[in-house]
Amino acid sequence: MQTLLTINNLCKSYRRSSGLFSSNLQSAYQDINFSLEKGKTLSIIGESGSGKSTLVQTIAGLRTQTSGEIYLKGKALSSLSLQERCKSIRMIFHAPSSSLNPKATIGRILTAPLQLNSNLTAIERDKQIKETLSLVGLLPDYLAFYPNMLSNVQQHQVALARAMILEPDIIIADEILAGLDISLRFKLINLLLNIQDKKEVSYIIVAHNMNLVRHISDHLIVMHEGKIVENDLTENVYNAPQSSKTKNLLQSHQPDYRK
Ligand SMILES: Nc1ncnc2c1ncn2[C@@H]1O[C@H](COP(=O)(O)OP(=O)(O)O)[C@@H](O)[C@H]1O
Ligand SMILES: [Mg+2]
């Protein structure tokens, strides 16, 4: 088993003003430790405000930690170039309609990361784009379309294609299943599983409903007020939750849960 990502004592705090001349230090997350293996899925669950988004945005390089370190294949993330980080860890967001440039065709959206982060020729780029579109289940015809011509799920497929185009090690998905009806959720979940099967990519999936991610997660982390209160294999968390917060989450998302 190859460990891809190791999070070591990661903490983030920020100053919050509490008056005209005063501010106090607030913590977004603290003492975060976990690791992720190649081809595996880790889900991070917790109520709103528990620090999930801030944490995964730090892993994706969109924010910086106050202390601690993130290691990717044994190397400190802070020692890697932006290009190396971008190639390895990609993030997809809750609302693809707002993360995809409405003025760019799908072809343009998928070409940009290759132009910025690879040395591929135009012909090689074209091949990579067509292969990636097929990986996410879209026909090449879509290359000429604009995002607003697509359905919500097709926009998610494009966002996934954009994330996969550089063949990353890790994809981070923050609440992408929220707001989708049940059949679309299953479609997206099946797509994620399919891609993982073919490409051995690892996922970090942020969700607030435990049952949504139960069948796709190898590992589960539960966060509460910026701290990890549970960190175990998914089945262990479901069968023998250790933290009262986990038990509450299980109960609130599964009315017939008995314990
Ligand atoms: N730069 C910042 N300035 C002020 N508050 C922040 C900042 N970053 C995070 N927070 C706060 O940190 C907490 C965690 O937020 P977030 O990571 O969005 O949680 P979640 O994704 O679990 O809902 C929230 O209380 C949020 O308001
Ligand atoms: Mg969030």
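Sequential numbering from 1 along the given sequence is applied to the chain's residues. Start at 1 and go down the list; that is how both ligands and their atoms are numbered. Since we're looking at a predicted model, the values are computed, not measured. FYI, side chains are in, hydrogens and waters are out, and symmetry mates aren't considered; it's all heavy atoms of this structure.
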Can you report which non-hydrogen protein atom sits closest to [atom], along with the distance?
{"atom": "atom 16 (P) of ligand 1", "answer": "T54 OG1, 3.5 Å"}
{"atom": "atom 22 (O) of ligand 1", "answer": "K52 NZ, 2.8 Å"}
{"atom": "atom 18 (O) of ligand 1", "answer": "S53 CB, 3.9 Å"}
{"atom": "atom 27 (O) of ligand 1", "answer": "R16 NH2, 3.9 Å"}
{"atom": "atom 23 (O) of ligand 1", "answer": "G49 N, 2.6 Å"}
{"atom": "atom 26 (C) of ligand 1", "answer": "Y14 OH, 4.2 Å"}

Self-check item: Name of the residue among R85, K38, K73 meeting salt bridge (charged side-chain N to carboxylate O under 4.0 Å, His left out) with D169
Solution: K73
Exercise. Any atoms of ligand 1 less than 4.0 Å from a non-hydrogen atom of S50? List them with their elements.
Key: 19 (O), 20 (P), 22 (O)
Self-check item: Per-atom contacts, ligand 1 versus R63 - under 4.0 Å to a heavy atom
Solution: 1 (N), 7 (C), 8 (N), 9 (C)
Contact between [X] and ligand 1, counting heavy atoms under 4.0 Å?
{"X": "R15", "answer": "no"}
{"X": "E175", "answer": "no"}
{"X": "G46", "answer": "no"}

Heavy atoms only: give me the nearest [X]-[Y] pair and the separation to one decimal.
{"X": "K12", "Y": "T64", "answer": "NZ-O, 2.7 Å"}
{"X": "A60", "Y": "I89", "answer": "CA-CG2, 4.2 Å"}
{"X": "A144", "Y": "T105", "answer": "O-CG2, 3.8 Å"}

Self-check item: Proximity winner for atom 19 (O) of ligand 1, if only heavy atoms of G51, S48, S13 are counted
Solution: G51
Practice problem: Mark yes or no for whether Q83, through its side chain, and L116, through its backbone, hold a donor-acceptor pair below 3.5 Å. | Solution: yes
Self-check item: Distance (rounded to the nearest 0.5 Å) between H219 NE2 and F34 CZ
Solution: 9.5 Å
Self-check item: Contact partition for E47 relative to ligand 1, non-hydrogen atoms under 4.0 Å
Solution: backbone
Practice problem: Before accepting this row, confirm whether a basic side-chain N of the pair E230/K245 lies closer than 4.0 Å to the acidic partner's carboxylate O. | Solution: no
Going by atom types alone, do [X] and [Y] pair a side-chain donor with an acceptor below 3.5 Å?
{"X": "Q196", "Y": "Y203", "answer": "no"}
{"X": "E47", "Y": "S50", "answer": "no"}
{"X": "Y14", "Y": "T54", "answer": "no"}

Quiz prompt | Polar contact flag for S27 and ligand 1 (N/O pairs, less than 3.5 Å) | solution = no
Quiz item: ligand 1 and L55, any nitrogen or oxygen pair closer than 3.5 angstrom?
Solution: no
Quiz item: Just wondering, is there an N, O or S atom on S53 that's nearer than 2.8 Å to the Mg ion (ligand 2)?
Solution: yes
